[in-house]
Asker: 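Pasting a structure here, questions to come.
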2 protein chains.
Amino acid sequence: MAATRATLVHVASLAGVSVASASRALNGMVASPETVAKVRAAAASLGYVPDATARSLKLGHSLQLAFAVDDVGNPVYVEMMRAIETVVSRSGYRLLVSSTGAGPTDAVDLVRSLSRGYADGLVISPLRVTSELVSELQRAAVPVVVVGSLPAEVRLDTVQTNSAHGVGLAVAHLIETGRRRIGFVNGPLDTTPGSARQRGFEGAYAAVGLQADVHEVQQVAKDFTVAAGRTAALELLDRHRAGSGAVMLDAIIAANDLLAFGVIHAVLELGLRVPQDVAVVGMDDTELASVFNPGLTSVSLGSAARGRHAAELLLARLTDPQLPASRIVVQPRLVVRGSTDIAATHDGSRR
Amino acid sequence: MAATRATLVHVASLAGVSVASASRALNGMVASPETVAKVRAAAASLGYVPDATARSLKLGHSLQLAFAVDDVGNPVYVEMMRAIETVVSRSGYRLLVSSTGAGPTDAVDLVRSLSRGYADGLVISPLRVTSELVSELQRAAVPVVVVGSLPAEVRLDTVQTNSAHGVGLAVAHLIETGRRRIGFVNGPLDTTPGSARQRGFEGAYAAVGLQADVHEVQQVAKDFTVAAGRTAALELLDRHRAGSGAVMLDAIIAANDLLAFGVIHAVLELGLRVPQDVAVVGMDDTELASVFNPGLTSVSLGSAARGRHAAELLLARLTDPQLPASRIVVQPRLVVRGSTDIAATHDGSRR
DNA sequence: GTTCCCACTGGAAACGTTTCCACGTGCTAG
DNA sequence: CTAGCACGTGGAAACGTTTCCAGTGGGAAC
């Protein structure tokens with residue numbers, strides 16, 4: 001029960017060598033076999049463990065990486081985080097997690113604070129990309145990898161997904177299975193995902209030659225949550241009733257799995273069936289999608305894969321800072337389940 | 001674009017004062033108004049930001065707290081983590097998260113590594129509590145708060161929940177709503193939650209005077225996942241068929257929401273209805289429970305509250321290490337939804 | 001006019017490492 | 001026999017802070 005932790009000085013004096021030799025012996029630098037033995041023995045008997053802070057100060061790096069996200073609780077980010085944690089810890093780094101929160105300046109503050117030197121790199125997945133954030137990211141004190149889209153001219157490592165194309169997959173699938181009156185519950189348009197998905201929807205809508213006005217079949221939810229999805233869907237469905245009161249939509253795409261769950265709730269509340277009356281497609285293919293009842297057809301945007309790539313990109317840049325900025329694109333993939341395909345209803349498998 | 005970051009020496013020399021004065025001026029210690037002004041100006045013009053590592057080394061604390069858990073991806077832990085992150089960051093600490101993984105020695109290694117001094121405290125929520133882990137926790141280099149149960153004699157801060165009582169609530173609710181043949185899908189018995197819930201189930205079963213053998217109505221899943229829950233439920237239901245093939249259970253309690261989702265899948269696959277033929281109760285009341293369809297009746301064990309308490313306990317101990325070890329118990333609470341109560345089926349609210 | 005105190009300051013030590021540098025040794029090559 | 005080299009070592013500087021300590025000056029009290 002040492003009152004205070006053993007330091008290298010104690011080890012050195014117990015081993016009867018200088019601190020320099022002790023350090024070398026423990027770190028496998030040049031040292032005679034007997035020195036190594038003596039030092040090892042001394043270290044073991046004192047229960048010596050090198051101090052991470054002192055080491056960091058001297059070496060100039062912290063062996064820590066940060067992951068920043070608006071809300072750690074969101075399932076998409078959880079999968080991403082798990083993947084990042086795996087990669088990062090395998091390389092001997094520790095992972096700092098911070099919720100930047102909704103406030104637009106919080107993310108900026110976080111990036112600025114990186115110059116305190118507590119982390120060697122950052123993976124960030126911002127919901128809203130302001131120009132202030134972008135410029136702050138570019139002048140960040142440590143390498144940054146962005147998960148999400150940035151203005152084209154920005155030279156930063158990014159990992160993206162083609163979510164516009166993802167919406168296209170969803171539309172194509174619905175058309176293929178006979179739906180013609182497709183609604184869209186989107187998230188806030190000032191978020192990067194929100195605007196990308198709107199573009200995707202408009203494009204897909206035009207491509208398949210549907211006649212209706214896009215704005216008539218789109219409804220914007222106030223955020224990416226289940227409750228907001230339900231509210232938006234109720235409004236959307238209400239807007240599309242025929243004179244008889246019959247609903248005129250036969251499918252709804254949601255910008256997000258959480259929104260999609262809300263949409264399903266709304267549809268069921270109105271006494272309609274999923275997928276027979278209204279098919280529903282989500283996006284992100286979170287773990288919950290396969291668990292839900294009915295299973296949620298969802299466009300996988302590869303959260304785990306994106307997390308893994310982001311972490312690997314960051315590690316690569318740390319070992320070679322000269323690398324040109326690279327951009328990895330993870331292609332979306334449609335996973336069909338019961339919410340669009342009655343035959344798949346009781347698929348209890350987890351993807 | 002400074003080639004190297006500005007340090008306090010630069011600030012001091014630009015301001016024309018000593019490093020000592022510069023430090024004092026910036027930290028609000030005694031200093032003349034004009035010194036403060038000069039130093040502030042110099043710091044601002046150089047974009048000076050104090051180095052976290054050097055500060056930590058000198059001050060002897062890292063301003064970092066760690067959160068360790070078997071799998072960051074599990075929804076229960078996610079809510080816990082979110083709560084911890086909120087509390088901790090509000091107090092100016094950063095949060096390190098680490099998945100200790102299934103390996104039993106990983107947690108031990110992690111606790112040992114705390115003596116490297118990279119964190120000032122730890123919140124840990126181990127699935128399996130070995131005696132080696134306990135002794136390591138007791139001799140840990142920094143304060144530790146355990147979320148979960150420990151042997152009674154261990155003097156450590158803990159935040160617990162009475163999950164045995166939680167199972168009791170579930171049983172009582174089912175009895176009250178007319179069910180008499182209640183099955184139990186548990187997680188692995190060598191985990192702390194698993195064994196506690198088994199005791200709870202046995203106690204409750206005896207208390208209400210049900211006649212059947214407990215072991216006949218219990219089925220152990222191989223882990224706490226949806227897939228395992230489904231498999232276990234299929235087996236359990238199969239064991240309890242009458243000669244006619246009719247199922248003889250009218251309710252199943254699962255040790256975990258994920259298991260419960262699996263159970264519901266199994267029940268539906270067999271062509272039975274939830275809750276009319278078989279009622280299902282989960283445990284943890286994760287966000288998914290309210291989202292699921294039907295809404296899952298679940299015993300809330302207050303994950304977020306436990307996380308918050310754990311973080312606060314840790315902060316309190318950091319400010320006063322002499323505090324006696326305290327034990328906070330969060331009482332379970334039953335949240336009734338559609339999976340046991342047909343009237344609550346279309347409750348779209350989020351708790 | 002002296003003494004005391006107070007507010008403020010700068011030099012230097014310290015936190016626990018790693019690493020530069022100079023200094024032995026003992027050897028081999030010339 | 002000496003120059004050179006390889007190897008191993010210890011002293012000391014360095015990383016960027018904070019803080020102890022000993023001063024400095026000026027003003028108030030006697």
Side-chain angles (χ1 to χ4, degrees), chain A residues 2-40 42-43 46-64 113-120 141-142, chain B residues 2-40 42-43 46-64 113-120 141-142:
Chain A
T4 173
R5 275 179 37 211
T7 100
L8 200 54
V9 215
H10 303 136
V11 174
S13 86
L14 177 59
V17 300
S18 73
V19 217
S21 296
S23 172
R24 280 187 295 249
L26 291 175
N27 292 322
M29 326 272 314
V30 40
S32 76
E34 56 264 42
T35 303
V36 173
K38 279 188 298 183
V39 172
R40 284 241 179 90
L46 290 176
Y48 169 74
V49 178
D51 183 84
T53 313
R55 201 161 213 276
S56 291
L57 177 59
K58 184 64 200 181
L59 262 27
H61 59 325
S62 60
L63 281 185
Q64 297 189 152
S113 78
L114 284 174
S115 54
R116 303 184 102 81
Y118 58 82
D120 299 337
V142 297
Chain B
T4 174
R5 273 178 42 209
T7 103
L8 200 52
V9 222
H10 303 136
V11 175
S13 87
L14 178 58
V17 300
S18 73
V19 219
S21 295
S23 172
R24 279 187 296 251
L26 291 176
N27 292 322
M29 327 269 316
V30 40
S32 77
E34 56 264 41
T35 304
V36 174
K38 278 187 299 182
V39 173
R40 285 243 179 90
L46 291 176
Y48 169 73
V49 178
D51 183 82
T53 314
R55 200 160 211 276
S56 291
L57 177 59
K58 184 65 199 177
L59 263 26
H61 60 303
S62 62
L63 281 183
Q64 297 190 151
S113 78
L114 284 175
S115 55
R116 304 185 100 82
Y118 59 81
D120 299 336
V142 297

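None of the values given here were measured: they were computed from a predicted structure.
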Asker: Does B/Thr7 make a side-chain N or O approach to OP1 or OP2 of D/dC15 shorter than 4.0 Å?
Answerer: no

Asker: So which atom in A/Ala42 and which in A/Val11 form the shortest heavy-atom distance, rounded to 0.1 Å?
Answerer: CB-O, 3.7 Å

Asker: Looking just at side-chain N and O atoms, do B/Tyr118 and A/Ser56 make a donor-acceptor pair shorter than 3.5 Å?
Answerer: no

Asker: Would you kindly check whether a donor in the side chain of A/Arg5 faces an acceptor in the base of C/dG16, or vice versa, at under 3.5 angstrom?
Answerer: no

Asker: Taking CD from A/Glu34 and P from D/dC7, how many angstroms apart are they, rounded to a whole number?
Answerer: 15 Å

Asker: Are OP1 or OP2 of C/dG16 and a side-chain N or O of B/Tyr118 less than 4.0 angstrom apart?
Answerer: no

Asker: As a test of reading the structure: which of C/dT19, D/dT19, C/dC8 is closest to the side chain of A/Ala20, going by heavy atoms?
Answerer: C/dT19

Asker: Does a nitrogen or oxygen in the side chain of B/Arg55 sit under 4.0 Å from OP1 or OP2 of D/dG16?
Answerer: no

Asker: Please test A/Thr53 against B/Leu57 for side-chain contact (heavy atoms from CB on, under 4.5 Å), starting from the C-alpha separation and ending with a verdict.
Answerer: CA-CA 6 Å; A/Thr53 313; B/Leu57 177 59; 3.9 Å; yes

Asker: Atom CG of B/Leu63 and atom P of D/dT17: how far apart are they, to the nearest Å?
Answerer: 15 Å

Asker: Pick base, sugar-phosphate or nothing for A/Val17, based on heavy-atom distances below 4.0 Å to the nucleic acid.
Answerer: sugar-phosphate

Asker: Minimum heavy-atom separation for A/Ser62 and A/Gly117, please, with both atom names.
Answerer: CB-O, 4.0 Å

Asker: Rounded to the nearest Å, what distance is computed from the CG atom of residue B/Asn27 to the C1' atom of nucleotide D/dT17?
Answerer: 9 Å

Asker: Applying a 4.0 Å non-hydrogen cut-off, can you work out what A/Ala31 is touching in the nucleic acid: base, sugar-phosphate, or nothing?
Answerer: sugar-phosphate

Asker: Closest-nucleotide mapping onto DNA chain C: is A/Ser21 or B/Ser21 further toward the 5' terminus? I mean the 5' end.
Answerer: B/Ser21

Asker: With heavy atoms under 4.0 Å as the rule, sort B/Val49 into base, sugar-phosphate or nothing.
Answerer: sugar-phosphate

Asker: Is A/Ser23 touching bases, backbone alone, or none of the nucleic acid, heavy atoms closer than 4.0 Å?
Answerer: base

Asker: Toward the 5' end of DNA chain D, which comes first, B/Asp51 or B/Arg24, by nearest nucleotide?
Answerer: B/Asp51

Asker: Rounded to whole Å, please give me the gap between NZ in A/Lys58 and C1' in D/dA12.
Answerer: 11 Å

Asker: Between P on D/dA14 and CG on B/Leu8, what's the gap in Å once rounded to a whole number?
Answerer: 17 Å

Asker: D/dC20 P sits how many Å from B/Met29 CE, rounded?
Answerer: 8 Å

Asker: So which nucleotide from D/dT9, C/dT18, C/dG10 ends up closest to the side chain of A/Leu59?
Answerer: C/dT18

Asker: A/Thr35 side chain: which of C/dT18, D/dT18, D/dT9 is closest?
Answerer: D/dT9

Asker: Just how far, in rounded Å, is P of D/dT17 from NE2 of B/His61?
Answerer: 15 Å

Asker: Measure from CG on A/Leu57 to C1' on D/dT18 and round the result to the nearest Å.
Answerer: 13 Å

Asker: Give the intermediate values and the outcome of side-chain contact (heavy atoms from CB on, under 4.5 Å) for residues B/Thr7 and B/Asp51.
Answerer: CA-CA 8 Å; B/Thr7 103; B/Asp51 183 82; over 6 Å; no

Asker: Is there a side-chain contact between B/Ser32 and the phosphate of C/dA7, meaning an N or O under 4.0 Å from OP1 or OP2?
Answerer: no

Asker: Quick one: pull up NE2 in B/His10 and CG in B/Leu8 and give me the separation to the nearest 0.5 Å.
Answerer: 10.0 Å

Asker: With a 4.0 Å cut-off on heavy atoms, is B/Thr53 in touch with a base, just the backbone sugar-phosphate, or nothing at all?
Answerer: nothing

